[in-house]
Amino acid sequence: MEALSGWFSHSVAGLLLLLPRLSDRDNAQRKKRMEEKALEVYDVIRTIRDPEKPNTLEELDVVTESCVDVQEIAQEEYLVTIRFTPTVPHCSLATLIGLCLRVKLQRCLPFKHKLEIYISEGTHSTEEDINKQINDKERVAAAMENPNLREIVEQCVTERDD
């Protein structure tokens, strides 16, 4: 019995020594998965067109790879956070850009997700108000019922064959 107890203690001690390595490997794999998801998200939003200019949001540095964060919140469910930077601090179309980001991601992301979209801190004069608007489901739904606004959003989010 003592031999069995000694073997068991030795085996448990060995497993405890392996746990940090397994945990590190799991964390590295999880981090890599989140980075891959973030790139997938960025690939969707980078081609959105600016409402006023002929450029994409990527070309104008409104969105960059670093503005996307993805966290796993449940098995196969993710929190996607976007922090975009308007071209000027008083950009009158920042809300529309946020709406375009939301619409395109809701349509195109192939995985279950929750979406939070914000203006990068300190980059817009009314960022708090705009952040509330673009993250309020009722306001977004109401905006998309407006045919003129819906048409502008469609023009911005539709891929062009250049």
Side-chain angles (χ1 to χ4, degrees), residues 23-162:
S23 178
D24 289 346
R25 189 173 68 217
D26 288 346
N27 286 338
Q29 288 174 341
R30 185 177 299 114
K31 183 179 179 186
K32 184 177 181 198
R33 252 192 354 267
M34 295 308 100
E35 288 171 355
E36 288 170 354
K37 292 281 184 199
L39 283 174
E40 191 174 345
V41 170
Y42 179 69
D43 232 22
V44 170
I45 64 175
R46 67 187 191 82
T47 58
I48 296 171
R49 299 237 167 238
D50 183 87
E52 283 185 316
K53 299 176 170 97
N55 305 82
T56 66
L57 297 184
E58 178 186 49
E59 291 167 343
L60 297 169
D61 286 330
V62 172
V63 296
T64 61
E65 286 182 19
S66 64
C67 82
V68 179
D69 183 60
V70 178
Q71 298 297 320
E72 191 168 24
I73 54 176
Q75 187 171 356
E76 297 301 316
E77 184 175 1
Y78 303 89
L79 171 63
V80 175
T81 305
I82 308 291
R83 295 190 184 281
F84 71 97
T85 304
T87 54
V88 292
H90 53 278
C91 177
S92 61
L93 298 174
T95 306
L96 182 55
I97 291 170
L99 183 60
C100 291
L101 289 165
R102 179 169 296 282
V103 166
K104 184 131 187 210
L105 287 168
Q106 287 174 336
R107 288 181 184 172
C108 297
L109 285 185
F111 52 84
K112 189 173 179 183
H113 63 278
K114 292 183 180 182
L115 191 53
E116 292 181 356
I117 299 173
Y118 303 103
I119 292 180
S120 298
E121 193 172 328
T123 63
H124 197 279
S125 55
T126 60
E127 69 190 60
E128 276 187 42
D129 294 334
I130 294 173
N131 287 341
K132 286 179 188 174
Q133 287 178 353
I134 58 181
N135 287 294
D136 182 318
K137 289 179 185 177
E138 291 174 9
R139 287 184 185 186
V140 169
M144 289 307 292
E145 288 177 9
N146 178 319
N148 295 328
L149 201 51
R150 189 171 53 242
E151 183 181 337
I152 293 169
V153 169
E154 289 300 330
Q155 289 173 359
C156 292
V157 302
T158 302
E159 300 278 331
R160 295 197 182 154
D161 297 326
D162 292 332

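Throughout, numbering of the chain's residues begins at 1 and tracks the sequence.
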Scan residues 38-78 for pairs that pass ring-ring contact (aromatic ring centres under 6.0 Å, His included), counting only residues two or more places apart or in two chains.
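Matches after skipping sequence neighbours: Tyr78-Phe111.
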Got Thr87 and Glu52 here, is their nearest side-chain heavy-atom distance under 4.5 Å?
no
With sequence neighbours left out, what residues match [X] under side chain to side chain contact (heavy atoms under 4.5 Å, CB included)?
{"X": "Asp43", "answer": "Arg46"}
{"X": "Thr123", "answer": "Thr85, Pro86, Ile119, Ser120"}
{"X": "Glu77", "answer": "Ile73, Ala74, Lys112, Lys114"}

Does Glu59 come within less than 4.0 Å of Lys53, counting only side-chain N to carboxylate O?
no
Electrostatic pair Lys104-Glu159, nearest N-O below 4.0 angstrom
yes
Taking atom [atom1] of [X] and atom [atom2] of [Y], what is their separation to the nearest 0.5 Å?
{"X": "Glu58", "Y": "Ile48", "atom1": "CD", "atom2": "CD1", "result": "11.0 Å"}
{"X": "Ile45", "Y": "Cys67", "atom1": "CD1", "atom2": "SG", "result": "4.5 Å"}
{"X": "Gln106", "Y": "Leu101", "atom1": "CD", "atom2": "CG", "result": "11.0 Å"}
{"X": "Ile82", "Y": "Leu115", "atom1": "CD1", "atom2": "CG", "result": "6.5 Å"}
{"X": "Cys91", "Y": "Glu127", "atom1": "SG", "atom2": "CD", "result": "13.0 Å"}
{"X": "Leu93", "Y": "Asp50", "atom1": "CG", "atom2": "CG", "result": "7.0 Å"}

Pick one: which of Thr64, Val63, Asp69, Val68 meets side-chain contact (heavy atoms from CB on, under 4.5 Å) with Ser66?
Thr64
Please confirm whether the backbone N or O of [Y] pairs with a side-chain atom of [X], one donor and one acceptor, at under 3.5 Å?
{"X": "Arg83", "Y": "Tyr118", "answer": "no"}
{"X": "Ser125", "Y": "Pro89", "answer": "yes"}
{"X": "Gln155", "Y": "Pro51", "answer": "no"}

[X] versus [Y], closest heavy-atom pair with distance:
{"X": "Leu99", "Y": "Ala143", "answer": "CD2-CB, 4.0 Å"}
{"X": "Met34", "Y": "Glu72", "answer": "SD-N, 3.5 Å"}
{"X": "Cys108", "Y": "Val44", "answer": "CB-CG1, 3.7 Å"}

Trace of the side chain to side chain contact (heavy atoms under 4.5 Å, CB included) decision for Val157 with Arg107
CA-CA 10 Å; Val157 302; Arg107 288 181 184 172; 3.7 Å; yes
Glu35: side-chain hydrogen bond (donor to acceptor under 3.5 Å, both in side chains) partners, not counting sequence neighbours
none
Please check if atom CD in Glu36 has more than 12 non-hydrogen atoms from other residues, nucleotides or ligands closer than 6.0 Å.
yes
Is there a side chain to side chain contact (heavy atoms under 4.5 Å, CB included) between Phe84 and Ile97? Walk through the geometry before answering.
CA-CA 9 Å; Phe84 71 97; Ile97 291 170; 3.8 Å; yes
Can you tell me which residue pairs pass the side-chain hydrogen bond (donor to acceptor under 3.5 Å, both in side chains) test with a partner in residues 131-144, sequence neighbours excluded?
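Passing the test, one end in residues 131-144: Thr95-Gln133, Arg102-Asn135.
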